Each structure stands twice: as structure tokens, then as C-alpha cells.
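A note on names: the letters A, B, ... follow the listed sequences, proteins ahead of strands, and every chain is numbered from 1. The model shown is predicted, which means the values in this text are computed figures rather than measured ones.
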Amino acid sequence: MPELPEVEVVRRGLERWTSGRTAASAEVLHPRAVRRYAAGPADFAGRLAGRVMLAPRRRGKYLWIPLQDAGAAQEPSEALLAHLGMSGQLLVGEPGREREKHLRVRIVFTDGGHDLRFVDQRTFGHLMVCELVPDTFGVPGPAGQGLVPEPIVHIAADPLEEAFDPEAFFGALRRRKTGIKRALLDQSLISGVGNIYADEALWRAGLHWARPTETLTRAEAARVLEGAREVMGAALDVGGTSFDSLYVNVNGESGYFERSLDAYGRRDEPCRRCGTPIRRDVFMNRSSYSCPTCQPRPRRARY
DNA sequence: AGATGTTCCTGGATGC
DNA sequence: TGCATCCAGGAACATC
């Protein structure tokens, strides 16, 4: 299940394997993979052909590769945008290798080298070509760095970005009338935090998932942020989390972080701080794992 | 308008 | 053994 650290691992892999290379052609093997691209699969493929892939960028769980016309000097105005969803993979490898069962899109390059493949079993992920526009959540960076894909202008900065504003995040939390976990999963408040890392951040902060956001103190909000940063940083250090074979990095190697999780998936196992068995609640049609002792349910809960 | 519920998808695990 | 059902979850979209 790719969340921010896993997507960053993929981004780094692409930086090494596709930067500076020119796409020759693209083949869409399943239209659902480009469903968000209104102009359709043929136009999608046409937009990639002949364009140079620059260094990939990331915000939260979204990944994009700026596309430059060959020989052009101006800043790129379009990008190939990717979201891996539940089971998406971006794989780089020998062009002649066997086709994966769930291969959705294949891009080959003019140099005849490694191809780029989008493989996605559950097809929650997608690719599209889009415009790059000025960033409203982040701060302007070096030339061309202040641009983000138009379809994700509403996605907030993620906690590992310099542009992330903790005070603005705290203010947004206090204005909301909802539970802290729902807020953490809302990509317009903070991006890159999914179900797994939300539970981990709350365990580290000692807060229950149903804690009303409007009652959070600045210190509590800071603990949640710090927890998210720590757990995602640790996951990044070991190459991402993997619970099954669905997540692999760009070269097909799995991550090794799952053994380090403190809450997620540990139902009935002892809390690593106090020994109380971890409990599982169903919330938002998802599992939430927490320690009943370290993360007591608030008297007034919000969902 | 903000909060909350629904939906999309596949295949491994589980139950009878 | 075989078939049916459950479960995983990001985020757009629908509804209250």
C-alpha cells in the first residue's frame, strides 16, 4: 500500500532511471489506468511521444514527471502525473521481458533502453498528462520548482516538505469539527498520510483517532506532526513499507518497514510502550489500531 | 458550506 | 473441494 515514503522511494528510482530520457511511444493496455485524462488513451500516448522526462517530483502520494519538448529551452508546462492508488507500481526494466499480468501502461524510450511500466492489480491508481500551474500551498522555489500539476492544486503540502506550514495546519484543525484521524486522511489539510501512517502517528502522539480536532492544543498537534514525520522518515530510511508483494519500488524490490510498525495491524498484540493489547476499531469502513491505555477514547468523540 | 457516506477494483483469505 | 463472502483503502463524488 504505497503511502508517502513508498512513493518517495519510487520517485528516487525514477530520478535515476528516466531523467533526461526521451519517450518514443506509450501504449495504454487498460483504459481505466488513464480514466482521469479526459482526452482519452490515444491522446495521452500522443502527448508523451517525443518528450523529454525531467527529474520527477512528489507531493504527498502524487508523483509527477515534468515533460519538455526535445530541444526546447523554456520551462516545461506539462507533466506526466501518477497516483499509485492501492496496488500501483512503476517498474523500470529490460524492454523485452515478459509482460506483467496487470500491466496497464508501457512507455518505451528513443534510446531503446529500459522501459517504464505502470502495473496495477486493483486499478485504483492512474496516470494522466496535465498542465503545470503555480503552487498555492507551497512556497515558490528555484526556477520551475514552484509549479504543481493542475489536478492537484487542492492537495496540501506534505509534512516532509519545507513548504509545509505547521501553524496553518494547526489553525485548520481547530476550525474543523471532526476527528483527528479523519483530518489526517484529508489530503486538503495535510497530504501523504494514509491509514497506516495515521495510526502510527497517533500512537506516537498518544491521541485517540476520535479526538475532536477543535479541542487539540498546539502541543498535541505538534506531537501528531512529529509522529508522522518520524514514522515516515523511518520508513523512508528502510525503503518503504510492504505488507504483501503488491508494493515494490521502481526496480521490483520490496520494502522492509512492516516489522517496525507499532500500531497498525497489531490487534491483540502488546503495546510496545505499556503492554496493553492493541485494539482494532472499524471507522470509515477501515481498520483503526490504537492502544486503549496510551490513547484513551475522548469523552466526546468525533468521527 | 461543511461534514459524512458511497463507490470504484481485484484476488487472497476465510467460512461452510 | 468448491463456491460465496469478506476484506484491503485513496480520494472523487454524492448526499445530508
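Side chain of A:Asn285, nearest nucleotide from B:dT6, B:dC9, C:dA8: B:dT6. Listed candidates were C:dA11, C:dA8, B:dG11. Nearest to the side chain of A:Met86 is C:dA8. Looking at the side chain of A:Arg36, the nearest of the listed nucleotides B:dG11, C:dC13, C:dG10 is C:dC13. Taking every side-chain heavy atom of A:Lys101 into account, B:dG11 is the closest of B:dG11, C:dG10, B:dC9. Considering only the side chain of A:Gln121, B:dT10 comes nearest among B:dT10, C:dA8, C:dA11. Residue A:Arg32 places its side chain closer to B:dC8 than to any other of C:dA8, C:dA11, B:dC8. Side-chain proximity of A:Arg122 to B:dT10, C:dA11, B:dT6: nearest is B:dT10.
Taking atom CG of A:Leu81 as the reference point, atom P of C:dA12 lies 11 Å away to the nearest angstrom. Here C:dA11 presents its C1' atom at 14 Å from CG of A:Leu84, a figure rounded to the nearest Å. Atom P of nucleotide B:dA3 and atom CG of A:Leu185 are separated by 15 Å, given to the nearest angstrom. Going from atom CZ of A:Arg286 over to atom C1' of C:dC6 covers 15 Å, rounded to whole Å. A straight line from CG of A:Asp186 to P of C:dC13 spans 15 Å, rounded to a whole angstrom. Residue A:Asn195 contributes atom CG, which lies 13 Å from atom C1' of C:dC7 at whole-angstrom precision. One can place CZ of A:Arg280 at 5 Å from P of C:dA8, the figure rounded to the nearest angstrom. Across the protein-nucleic acid pair, A:Gln187 atom CD and C:dC13 atom P stand 15 Å apart, rounded to whole Å.
For the pair A:His102 and B:dG11, the criterion of a side-chain N or O lying under 4.0 Å from OP1 or OP2 is met. Residue A:Thr123 has no polar side-chain atom (N or O) positioned under 4.0 Å from OP1 or OP2 of B:dC8. Listed pair A:His126 / B:dC8 fails the phosphate criterion, with no side-chain N or O lying under 4.0 Å from OP1 or OP2.
Salt-bridge check for A:Arg47 with A:Glu78: passed, with a basic side-chain N closer than 4.0 Å to an acidic carboxylate O. Salt bridge annotation for A:Glu226-A:Arg204: absent, with no cationic side-chain nitrogen under 4.0 angstrom from a carboxylate oxygen. With respect to A:Lys61 and A:Asp158, no salt bridge is recorded, no charged nitrogen being found less than 4.0 Å from a carboxylate O. Remark: A:Asp115 engages A:Arg97 in a salt bridge, criterion side-chain N to carboxylate O under 4.0 Å.
Between A:Tyr37 and A:Phe44, the ring planes lie perpendicular to each other; the angle is over 60°, past the 30° to 60° tilted range.
Across all strands shown, A:Tyr62 has heavy atoms under 4.0 Å from sugar-phosphate atoms exclusively, and none from any base. Contacts of A:Arg104 with the nucleic acid, taken as non-hydrogen atoms under 4.0 Å apart, are absent. Residue-level contact check: A:Gly85 touches neither bases nor backbone, having no heavy atom under 4.0 Å from any strand. In this structure, A:His30 reaches neither bases nor backbone, as no heavy-atom distance under 4.0 Å exists between it and the strands shown.
Screening A:Asp120, A:Leu84, A:Ile65 for a side chain to side chain contact (heavy atoms under 4.5 Å, CB included) involving A:Leu90 leaves a single residue, A:Leu84.
In this structure, A:Leu184 CG and A:Leu173 CG are separated by 7.5 Å, a value rounded to the nearest 0.5 Å. With rounding to the nearest 0.5 Å, the separation of NE2 in A:His208 from OG in A:Ser288 is 8.0 Å.
Near DNA chain C, defined here as any heavy-atom distance below 4.0 Å, there are no residues from residues 169-184 of chain A.
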